[in-house]
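What you see below is based on every heavy atom in this structure, not just the backbone, and it leaves out hydrogens, waters and symmetry mates. The shown structure was predicted, so the numbers you read here are calculated from the model rather than taken from an experiment.
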Amino acid sequence: MDQLSPQHVPVYETNAEQQSLWERCQSEGRPVVGIRNATRGYIVRYDLQHLDTELTSQALRQLRRRTRAQRSYPTGEPETFPTGTDPISETEGIGGEAGAVSGELHAETEQQARDLASRLSAIVFDRSEWNS
């Protein structure tokens with residue numbers, strides 16, 4: 001599997017559904033990429049812990065860069081921040097936490113979450129981007 005298409009990214013709401021997804025990915029020997037339908041939006045989650053591996057530093061930079069590229073930073077004057085993301089806060093810029101082993105990235109809509117998860121799955125599923 002090279003990448004999930006947006007319509008095939010699993011969405012879960014309950015802890016039981018989350019557990020089922022993690023167990024299925026573990027038994028198939030693949031990373032977890034899924035979306036949690038949360039109270040205030042959607043959370044794209046990825047996890048490689050059960051595979052006892054992590055993303056390379058280059059892959060992590062690429063993942064963060066791809067995430068930041070789709071986010072806008074809504075505050076500030078248009079002359080100062082016309083587009084792009086907060087130049088200082090990495091967490092705010094990517095909308096969550098993105099680590100070498102796992103991450104949680106926030107999106108306002110299900111479609112935004114599906115698009116983000118699809119793009120990130122290309123990096124997370126690429127075994128050449130893993131440190132074993």
Side-chain angles (χ1 to χ4, degrees):
M1 178 180 303
D2 298 321
Q3 180 175 356
L4 290 170
S5 60
Q7 67 270 23
H8 289 114
V9 177
V11 178
Y12 62 91
E13 293 185 13
T14 67
N15 289 339
E17 291 170 332
Q18 175 189 349
Q19 185 66 30
S20 176
L21 173 61
W22 260 249
E23 288 172 358
R24 186 170 64 245
C25 290
Q26 183 173 13
S27 71
E28 295 172 1
R30 64 180 172 92
V32 175
V33 174
I35 300 168
R36 178 173 176 94
N37 183 354
T39 305
R40 293 180 292 161
Y42 295 83
I43 304 169
V44 175
R45 297 190 65 195
Y46 66 89
D47 195 337
L48 292 99
Q49 183 174 5
H50 59 282
L51 299 172
D52 197 29
T53 192
E54 64 184 22
L55 296 172
T56 64
S57 58
Q58 178 181 338
L60 189 54
R61 281 192 302 274
Q62 182 181 7
L63 184 142
R64 289 175 176 162
R65 199 169 35 249
R66 283 189 186 182
T67 304
R68 286 179 71 98
Q70 88 169 44
R71 304 225 189 258
S72 62
Y73 190 63
T75 62
E77 297 298 318
E79 306 82 48
T80 353
F81 294 103
T83 59
T85 58
D86 177 1
I88 298 171
S89 171
E90 182 71 26
T91 299
E92 189 171 341
I94 62 171
E97 296 290 333
V101 175
S102 64
E104 294 185 349
L105 303 163
H106 300 261
E108 290 185 28
T109 68
E110 182 176 342
Q111 190 57 54
Q112 289 172 343
R114 286 181 177 281
D115 291 342
L116 177 60
S118 174
R119 277 196 299 283
L120 299 183
S121 71
I123 298 167
V124 174
F125 289 163
D126 184 350
R127 291 177 183 266
S128 70
E129 301 285 8
W130 298 359
N131 285 323
S132 296

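- A continuous path of Ile, Leu, Val, Met, Phe, Trp and Tyr side chains, each step under 4.5 Å between heavy atoms, connects Leu51 with Phe125, placing both in one hydrophobic cluster.
- Using modelled atom types, no side-chain atom of Ser118 and backbone atom of Arg114 make a donor-acceptor pair closer than 3.5 Å.
- Residue Ile43 shares its hydrophobic cluster (ILVMFWY side chains chained together at separations under 4.5 Å) with no other residue.
- One distance of note links CD of Glu17 with CZ of Arg36; it measures 9.0 Å at 0.5 Å rounding.
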For residues 52-60, which side-chain N or O atoms pair as donor and acceptor with protein atoms under 3.5 Å away, sequence neighbours left out?
from: Thr53; atom 1: OG1; to: Asn131; atom 2: O; distance (Å): 2.4
from: Thr56; atom 1: OG1; to: Ala59; atom 2: N; distance (Å): 3.0

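- Trp130 places a side-chain N or O within 3.5 Å of a backbone atom of Val124 that can act as its donor or acceptor partner.
- Rounding to the nearest 0.5 Å gives a distance of 11.5 Å between CZ of Arg64 and CD1 of Ile123.
- Heavy atoms only, all atoms of each residue included: Arg45 and Gln18 are closest at NH1-NE2, 3.0 Å.
- No single ILVMFWY cluster, assembled from side-chain heavy atoms under 4.5 Å apart, contains both Leu105 and Leu21.
- Results of the side chain to side chain contact (heavy atoms under 4.5 Å, CB included) test with Val32 over Glu23, His50, Gln26 single out His50 as the only residue that passes.
- Summarising the geometry of Leu4 relative to His8, their closest heavy-atom pair is CD2-O, 4.1 Å, with the distance given to 0.1 Å.
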Q | Derivation and outcome, side-chain hydrogen bond (donor to acceptor under 3.5 Å, both in side chains), residues Asn15 and Gln19 | A | CA-CA 6 Å; Asn15 289 339; Gln19 185 66 30; over 6 Å; no

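- Rounding to the nearest 0.5 angstrom, the gap separating the CD atom in Gln111 from the CG atom in Leu116 is 11.5 Å.
- Val11 and Leu120 fall within a single hydrophobic cluster, where Ile, Leu, Val, Met, Phe, Trp and Tyr side chains are chained together by heavy-atom contacts under 4.5 Å.
- Nearest heavy-atom pair across Arg127 and Gly29 is NH2-O, 2.9 Å.
- Interatomic distance, CZ of Arg40 versus CD of Glu108, reported as 12.0 Å (0.5 Å rounding).
- Crowding of Gln49 atom CD: a count of heavy atoms from other residues, nucleotides or ligands under 6.0 Å not exceeding 12.
- Rounded to the nearest 0.5 angstrom, Glu13 CD and Ile35 CD1 are separated by 12.0 Å.
- Residues Tyr12 and Gly34 come closest through the heavy atom pair CE2-C, 4.4 Å.
- Shown here for Gly99 and Tyr46, the closest heavy-atom pair between the two residues is O-OH, 2.7 Å.
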